[in-house]
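Below is one structure, written out as structure tokens, with a few remarks after it.
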Amino acid sequence: MSVKILMVCLGNICRSPLAEGILASKLPKGKFIVDSAGTGNWHVGKQPDDRSIATAKKHGIDISSQRGNYFTPKYFDIYDYIFVMDNSNYDDVVSLAKTDEHKKKVQLILEELFPGDNVDVPDPYYGLQNGFDMVFEMLDETTDLLAKKLLEKHS
Ligand code: 4NP
């Protein structure tokens with residue numbers, strides 16, 4: 001059985017598509033499935049933001065075939081791990097959890113890099129290109145640790 005991982009942000013066009021593409025690039029396909037979703041539904045069916053697509057491309061990762069998806073409570077049953085980009089995503093997702101088991105699946109993605117510090121991946125949507133570069137670097141560093149842990153745990 002595959003290990004299923006969901007990345008979540010607000011719009012599912014900037015941060016979580018990058019997180020999905022970056023982590024997927026570090027894990028063997030088939031054994032691991034990485035998807036993403038937004039807690040807002042404005043961008044359902046849309047491509048990621050052009051700036052996220054360009055940022056990923058600079059690093060050899062193609063996220064252009066991803067499409068916007070809306071987080072619904074059924075995902076608690078489908079996914080083994082749910083990584084959220086910021087504290088507001090955390091509150092939104094956890095508010096939909098009906099059991100402790102579901103709640104325990106949810107973690108801030110930067111928890112790997114900054115344990116216990118509650119650090120957010122900042123929303124780059126209203127900013128400039130360098131915000132996307134910074135988001136990429138943060139996600140790249142934290143997913144190095146995450147991928148190592150997942151590979152150890154599910155080998
Ligand atoms: P994301 O960024 O949560 O990283 O995808 C956003 C994208 C769009 C909006 C907000 C955040 N929006 O309000 O449309």
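Start at 1 with the first residue, then count along the sequence. Both counts, for ligands and for their atoms, begin at 1 and track the order of listing.
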What protein heavy atom sits nearest [atom], and how far off is it?
atom	answer
atom 8 (C) of ligand 1	H43 NE2, 3.5 Å
atom 4 (O) of ligand 1	R15 NE, 2.8 Å
atom 1 (P) of ligand 1	C9 SG, 3.5 Å

Before signing off on this row, confirm whether N12 and ligand 1 have an N or O atom pair separated by under 3.5 Å.
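N/O-N/O distance under 3.5 Å: yes.
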Any atoms of ligand 1 less than 4.0 Å from a non-hydrogen atom of [X]? List them with their elements.
X	answer
D123	2 (O), 4 (O), 6 (C), 10 (C), 11 (C)
L10	3 (O), 10 (C), 11 (C)
C14	1 (P), 2 (O), 4 (O), 5 (O)

Are D35 and Y79 linked by a side-chain donor-acceptor pair shorter than 3.5 Å?
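Judged by distance alone, the side chains do pair up.
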Is there a donor-acceptor contact under 3.5 Å linking the side chains of N69 and N12?
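Distance-only check fails for N69 and N12.
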Quick check: closest heavy atoms across T55 and R51, and the distance to 0.1 Å?
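Smallest heavy-atom distance, with atoms named: OG1-O, 2.6 Å.
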Using the side chain to side chain contact (heavy atoms under 4.5 Å, CB included) definition, which of the options C9, C14, S36, P122 pairs with M85?
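Result for side chain to side chain contact (heavy atoms under 4.5 Å, CB included) with M85: C9.
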Please determine if D144 and K149 form a salt bridge, counting it only when a charged side-chain N lies under 4.0 Å from a carboxylate O.
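Result for this pair is no, no salt bridge flagged.
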May I ask you to say whether D62 pairs ionically with K57, meaning some side-chain N is under 4.0 Å from a carboxylate O?
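No.
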Which bit of D49 gets closer than 4.0 Å to ligand 1, counting heavy atoms only: side chain, backbone, both or neither?
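Neither part.
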Can you establish whether the number of heavy atoms outside K103 located under 6.0 Å from its atom NZ is more than 12?
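Incorrect, the count does not exceed 12.
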Contact check, M85 vs ligand 1, heavy-atom distance below 4.0 Å:
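No, M85 has no heavy atoms under 4.0 Å from ligand 1.
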